[in-house]
Amino acid sequence: MKVFILDFDHDKEKVYVYGRDENGKKIRIEYDQPYYLYLILKDEKYLNEIKNKLDNEKYIKKYEIEKKKYIGREYTVFKIIIDQDNYDNLKKLADSYKMEGKILGKKEGDISIIKKFQLDQSIYPLNWYELDLELIKKDQNIDYYKYKKNLGIIDKKYNLKVVAFDIETVSEQAIPDPSKDPIYLITFYDGKDYYSIYIDGNSDEGYKVNSELELLKKVDEVIKKLDPDILIGYNSNNFDLYFLYERAKKLNYKFSFSWDNKNILYTKKRETSKKYKFVGIQNFDLFNVISGIFATQFNSETYSLDEIASEVLGEKKLDINFNEIYNIIFKTKDYSYLIKYNKKDVELTYKLYKHFESILLEISRLAGITLYELSGSTYGILVEDYLIKRSRDNNEIIPNKPSYDDLELRKKYTYSGAIVFQPRSGFYKNIAVYDFRSLYPSIIIKYNISPDTLKCDHEECKNEKIIADTSVGKLEVWYCKKNKGFISSILESIFNERIEIKKKMKGLDKDSEEYKILDSRQLSLKYIINSTYGYLGFPNSRWYCLECASSITALGRKYIMEVKDYIENKGYKVIYGDTDSIFVIVNNEKDGQDLLMDINNLLPRPLEMEFEDFYLSGIFVEKRSGEGGARKKYALLSKDGTIKLRGFEVVRRDWSEIAGEVQENILKLALEDKKDEIIVYLNDVINNIKNHKYPLKKFILREQLRKSLKEYEVSSPHVIAAKKYKDRGYKVDRGFIVEYIIVKGGEKISDKVRLPDEVKDNNYDPEYYINKQVIASVEPILKSLNIPIDSIGKIQKDIRSFFNNG
DNA sequence: AATGGCGCAGGATAAT
DNA sequence: ATTATCCTGCGC
């Protein structure tokens, strides 16, 4: 039977696989998945002793003796099958053998029973499989089967049934609280029709119910009718589902839309982040994925639906503010506009999901996880899931997660990273920028860097030593040259797979379905490839390897230095470089291309440099404090007139829009050789700030809370602002983005902090914004252009006359 | 329970 | 007035 797999669940006895058959009917497949773990024998001489012992332990259902690899070495292992309830008994036994030095330890006890089923049967979410099944019974909604055998994966298309939803509520106070405030309105959207349900108001569209309990019942009904595979929300885990769950609890209502008809399952991940699961249907919070996995690719300052939708789709939310919602719900009770607003939100959520669907599916498939698991994953988790999935191909036992003590120890270790060259500030012309194609992955592959190849026993492998610079000293290490490592070989295989996919794409129409799928596939491979180095140095990783991570950066430094020396010996001027890139002054673009060919003749494959681009001009600035040019800050002008900005205040959300805008304009003028216009422009801006000619939003500063409020030792402005939000009833936790404006009066800046709506009549502090924002951000640029500005900032009131005098 | 890595600039506060 | 420390957000 052909089955498309969507979800997994388990109870004490069984694993349950949820999916659909070819007719789209829901099915549940059950299987008696044994729980097992491995004991790794340290020496064959203990084999019989342990065997005899295991024979007499009554709680052990069964055990097998196998040959498995663990971190590259082959061992004899006991695969022990027990009831999960007896884990503690086995742990006691294993611990004592470990103490006596007879076994290396127990492994894979922390791999869930669902993951074990997936690994043993090679069945992962979001694929079609041909399965050998035995029918148990057929119900109206769902068929029940017993699992027999996996006959293989099938290449077949499946269209996920997608439904997006969003709720509206409001509070007498600022922030709605599910212990007090009901859900007034909820809308579902399946890409075709909207289903809006509301209480306590009037409207010509939507479905009115008499009570919130009726609303919840209707929610159940609508979800069952739409029968989605995936339910999308935007920040739904921390808001919409939180409300649905808490309100239902309060009203004693149990949802039954899950495929097992059970209520929504709530698990508290952390104090501040909630997680809800419904069996069968994937709970997918798009906000999590956007702010977690895709975050770096957006220019938006926040990850609000409004900002992300306008950046990705070019569409905005409808306009509404707190007072208007308040008025609608508590006074006019005319819901017409509120429903339109709600529908638009759901539509944007749906469209955003659709925009990313192809890549989301490919990442899930690659890592072997459900979409529910993906929504909430980080790069570290993705790499780990992928390695776990690949472990069985290599007959590798999966290492344990670190214990708490190990973790604390690992966190203390650090190591040297990359080199950043210090630039000389100034204005440059004809800049060629080269960068290594996947520097760290190439190094891992070339040097076979992997925890299992580290310091192998072969004498001949010790010839080529690497000095890794760590906080525990300089370590002399080497990697095996005879046997391929677990991680390095996996990386090599997906590296090559990606190249093959990209080759295939070249012959395809860019608008075709096939192209899009291949593109998503290569992109998801790229995510894994690029995160593997970081994963090796990540303290909580199963395959943590400090020596590996520090060897990789050491070799990175070696190669970038070699290339730099080579270029300089040829008589060229290197002006900057960071980690894997080099900026060189060349005569023209052709000259730059030729130089690159020479560089690549020098480099051993797979190491290779690419021509990132040729730039007409560029600006580097002095550091504001300390000596010399600032690293990680530059502006480049491309041939097509576009400007590449890095590191400047304009790209930082903790600076005001006005400062950024002025800085960007001045950089533009400078790069385009219109230096004489700068002074006039700056003069104009300063006058406008003084005269309050700009809208207040240009003066907002934004900063994120990186820890919980009480952990702060210093009352910095953003902490003061955060407290103001908290006093208003906002949930102010780690991750909260604080917005504030600086006003006149007070001694310290933190005395001058106000929330945007507290600032009346555009009454920000012009002095602060002129000196500490605008001038502070443009001063280093003017300096590097040799525009004299000694008195700017110090004698602010004289700025005008200074500029007028030229 | 956590939730790839290190290098760097630069502002604000607190300590000297 | 100067410096150390805290803190964020960036680059790669």
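As the structure is a prediction and not an experimental result, all values here were calculated from the model. First the proteins, then the strands, lettered A, B, ... as listed; each starts at 1.
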Just checking [X]: base, sugar-phosphate only, or nothing, at a heavy-atom cut-off of under 4.0 Å?
X        : result
A:Asn540 : base
A:Tyr440 : nothing
A:Ala549 : nothing
A:Lys707 : sugar-phosphate
A:Val383 : nothing
A:Ile381 : base
A:Ser581 : nothing
A:Ser416 : sugar-phosphate
A:Ser750 : sugar-phosphate
A:Arg652 : base
A:Trp655 : sugar-phosphate
A:Glu384 : nothing

Query raised in the report: Do you know which two heavy atoms are closest between A:Tyr764 and A:Ile741, and how far apart they sit?
Result: CB-CG2, 4.0 Å

Query raised in the report: Looking just at side-chain N and O atoms, do A:Asn448 and A:Ser488 make a donor-acceptor pair shorter than 3.5 Å?
Result: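 A:Asn448 vs A:Ser488: donor-acceptor pair found between side chains.
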
**Report entry** A:Lys724 atom NZ, over 12 foreign heavy atoms within 6.0 Å
**Finding:**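 Buried by this count: over 12 neighbours within 6.0 Å.
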
Requested in this report: Between B:dT3 and C:dT8, how far apart are the P atoms? Round to whole Å, please.
Outcome: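 Going atom to atom, P in each nucleotide, I get 15 Å.
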
Query raised in the report: Per the atom types in the model, does the base of C:dT8 pair as donor or acceptor with the side chain of A:Arg653 at under 3.5 Å?
Result: no

Query - Along DNA chain B (nearest heavy atom to each residue), the more 5'-positioned of A:Ser403 and A:Ser377 - result: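 Comparing both residues, the 5'-ward one is A:Ser403.
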
Check the phosphate of [N] against [X], side-chain N and O only, distance under 4.0 Å to OP1 or OP2. Yes or no?
X        : N      : value
A:Arg624 : B:dA9  : no
A:Lys632 : B:dA9  : no
A:Thr579 : C:dG11 : no
A:Tyr768 : B:dA12 : yes
A:Tyr712 : C:dT8  : yes
A:His718 : C:dT8  : yes
A:Arg646 : C:dC10 : no
A:Lys748 : B:dA14 : yes
A:Tyr634 : C:dC12 : yes

Requested in this report: Over 60° means perpendicular and under 30° means parallel, so classify the ring planes of A:Phe294 and A:Phe356, tilted if in between.
Outcome: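 Correct class here is parallel.
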
**Report entry** Matching residue for A:Tyr276 among A:Tyr242, A:Phe239, A:Phe284, A:Tyr266 - test: ring pair (Phe, Tyr, Trp, His ring centres under 6.0 Å)
**Finding:**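 Output: one option passes, namely A:Tyr266.
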
Query raised in the report: Atom CD1 of A:Ile111 and atom OG of A:Ser391: how far apart are they, to the nearest 0.5 Å?
Result: 7.5 Å

I need the [atom1]-[atom2] distance between [X] and [N], as an integer number of Å.
X        : N      : atom1 : atom2 : result
A:Ile742 : B:dT13 : CD1   : C1'   : 14 Å
A:Glu711 : C:dT5  : CD    : P     : 20 Å
A:Leu701 : C:dC7  : CG    : P     : 19 Å

Query raised in the report: Under the criterion salt bridge (charged side-chain N to carboxylate O under 4.0 Å, His left out), which of A:Arg754, A:Lys772, A:Lys752 is the partner of A:Asp765?
Result: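 Output: one option passes, namely A:Lys752.
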
